[in-house]
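First the structure, in the form of structure tokens, and then the observations on it.
Labels below follow one simple rule: chain letters A, B, ... track the order of the sequence lines, proteins then strands, and each chain is numbered from 1. Keep in mind that this is a model prediction, so the values were computed, not measured.
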Amino acid sequence: MSALASTAPPAHLFSVTPDRAVSALSASPAPAISDRAPTRKIRTLVALEGVGKVFAGRRGQSPVAALEDIDLNVADGEILGVIGRSGAGKSTLIRLVNGLEQATSGRVLLDGVDVTAQPESAWRQARRGIGMIFQHFNLLSSRTVFDNVALPLEIAGASRGEVAPRVKELLALVDLSDKAGRYPAELSGGQKQRVGIARALATRPRLLLCDEATSALDPETTRSILALLARVNRELGVTILLITHEIPVIKEICHQVAVIEGGRIVEQGDVFEVLTRPAHPATRALVSSVVGVELPKSVADSLLPMPVPGGRTVLRISFTSENATAPVVSRISTVVGVDLNILAGRIDSIGERPFGVLVVAVPSHGPALAAVQASLRSLALETEQLGHVA
Amino acid sequence: MSPEIIRLIAQATLDTLAMVAAAAGLGTLLGLPIGVFLATSRTGELLAAPRLNLGLGMLVNVTRSTPFIILVVAIIPFTRLIAGTSIGTGAAIVPLTVAATPFIARLVEGAIREVDHGLVEAARAMGATPLAIVRKVLIPEALPAIVLGLTLAIVSLLGFSAMVGAVGGGGLGDLGIRYGYQRFMPDVMLVVVAVLVILVQAVQTVGDRLARRLNKRLRTA
């Protein structure tokens, strides 16, 4: 076992298991999480039970409830994303998990241990097993890249001899070995966040909190940071809880998603399920811009609630993984003998699974509509009637 | 100018340097922790102790609002207690330190407050104790600003030191008053002022350079 394991947090919270400590950052490819799944019981690493947070009002002002009745479970080894608009309470939520904010009601459990009311000294120990990265990176400008990554190790009381090899390992992991002697001011945004990730992983945490980690980055850099986070999750088995307002982040790397609105979680579940079948209006609003298909404005404006004589009915067809690439339109055209008017469409992927949406118009009267619907049902495609057009 | 006068000017320069260096050193030793505490002890902050913060803040304000020449005279008993005498260059270090400490404390406080709060949060998230945050984050990050503040304090102390002649403190200011003004020797006055100008220039230049070297924020890739 690495010498650094002595600086790991106490066993009752986030203990470093020997296999992780050895395999974690070795040069040889670490086993994928699926390889280890059989020997590993899936357990809940973070649990929020009916958590609320009320901020005391400033003088003369009433208290503000930032979070209400939050139930959230993060399973060991998964990536859970919390998405919501700014001001929805995301930042407060993620800070409850490492005690930067204290819940005013409900319980917070880490690996089954109730930490809700634990004193600051106990939190300090717990935090050494929880990494955190930030939107604005929060690197020390006075320290080099190397020394920034070394900081959590110094804080955990690691000796100089332990620090140097560990930092080198981490910089290799985030592909910044050549920047060890540089200062943050000399780095690009993406490089700064890589330093942030290396720093957050220094003490071999089991949990990584990402506070809008890509919101200050351009789309291309965002993708590379997300790829790195996915690798950290896959290869090191680090559980990730992230908050974001960007649906692509959820779509790209999350396994589970929770949608937060007005301090409450309004929808949560498997990412593919939630994004392809959004139930809550807040989720629909978030999803429509990426995975859903917004109707062309001319169609949306002329959409009527009731069918009109000689008009057409507008259907949204959702393609999920198995049939996303099926030649549905041509099949319906030939089998049913009805021409489908394609109004809008898009094929996308969520995680690794392809997903498509097609908006079509079918003559409302006569046998065409029923035939098309029956045909779609037989193909096990989900359809939704959006309205009618003249 | 007679060799005697030149010897006096040299001695006065050394006295001034000694007084200012000692007062700046002691003032930093005392003012730095006070400044750090003032910056971190308000409600909800790292070392939250609002009452102590308020009391200390008031003490600092009282000291800072007392004109230096009055402070020198007012604390003579205290000076005698510390230095054994209230007269001379050594004794003058006491009032200079008393004046420098709250000044430096406020400068340090300002420098620490300028440190991005996100860095404190990041250090807390690593499990750092408040003391570790002060030592490893706040002071290193504020160091360029602290150095500039100390430069300002030293320049001010050079000015203050001219007044300790009132209690026999010696130094350049005292020489300028007694010889240049009271004995009508404008050339002595001129040399005294010239030496002070050079000292201030030197201190400022060194301070600026040091602060720039410590500041890693402005480097470009």
Side-chain angles (χ1 to χ4, degrees), chain A residues 7 9 13-14 55-56 58 91 94-95 97-101 120-145 147-148 150-157 179 182-188 191-192 196 199-200 202-203 205 208-209 211, chain B residues 32 36 39-50 54 108 110-150 209-221:
Chain A
T7 66
L13 254 178
F14 288 146
F55 287 104
R58 300 215 165 171
S91 302
I94 203 167
R95 281 164 177 72
V97 177
N98 64 355
L100 293 180
E101 297 283 0
E120 185 67 14
S121 57
W123 268 120
R124 276 198 286 274
Q125 277 303 317
R127 286 177 195 138
R128 290 174 192 178
I130 307 174
M132 188 169 190
I133 58 173
F134 304 86
Q135 179 174 5
H136 297 295
F137 325 121
N138 293 348
L139 302 177
L140 270 65
S141 69
S142 58
R143 283 180 172 235
T144 60
V145 165
D147 290 336
N148 264 290
L151 181 61
L153 299 169
E154 289 173 23
I155 286 169
K179 303 282 185 197
R182 298 300 183 101
Y183 287 91
E186 300 170 289
L187 303 181
S188 69
Q191 290 171 331
K192 284 182 198 170
R199 183 176 73 173
T203 52
L208 178 63
L209 305 176
D211 178 10
Chain B
L32 188 72
V36 170
T40 55
S41 58
R42 292 208 289 228
T43 314
E45 289 177 328
L46 219 51
L47 304 166
L54 201 71
V108 170
I112 299 269
R113 281 197 189 285
E114 286 300 308
V115 176
D116 181 359
H117 188 76
L119 301 182
V120 175
E121 190 175 46
R124 280 189 68 206
M126 292 172 206
T129 59
L131 207 66
I133 295 175
V134 167
R135 270 183 39 229
K136 290 185 178 291
V137 178
L138 291 179
I139 293 179
E141 287 291 306
L143 203 56
I146 290 175
V147 165
L148 283 180
L150 286 180
R209 282 207 186 145
L210 192 60
R212 204 163 41 234
R213 258 191 44 195
L214 290 169
N215 191 347
K216 312 295 186 189
R217 229 166 290 161
L218 303 172
R219 297 196 175 190
T220 45

Nearest heavy-atom neighbours spanning B:K216 and A:S142: CG-CA, 4.2 Å

Shortest non-hydrogen pair, A:N138 vs B:G118, comes out as ND2-O, 3.0 Å

I need the residue from A:E120, A:H136, A:R95 with the largest number of non-hydrogen atom pairs under 4.5 Å to chain B. A:R95

Using a cut-off of under 4.5 Å on heavy-atom pairs, state which of A:L151, A:D211, A:L140, A:T144 scores highest against chain B. A:L140

Does [X] reach the side chain of [Y], with side-chain heavy atoms less than 4.5 Å apart?
X	Y	result
A:R124	B:P130	yes
A:M132	B:R124	no
B:M126	A:R199	yes

Hey, what do you get for CD1 (B:I133) to CD1 (A:I155), rounding to the nearest 0.5 Å? 7.0 Å

Hey, does the side chain of A:R128 reach the backbone of B:G127 with a donor-acceptor pair shorter than 3.5 angstrom? yes

Ignoring hydrogens and angles, tell me if any N or O in the side chain of A:N98 forms a donor-acceptor pair with the backbone of B:A125 under 3.5 Å. no

Please flag which part of A:Q135 lies under 4.5 Å from any non-hydrogen atom of chain B: side chain, backbone, both or neither. neither

Taking side chain as everything from C-beta outward and backbone as N, CA, C, O, which of these in A:L139 sits under 4.5 Å from a heavy atom of chain B? Side chain, backbone, both or neither. backbone

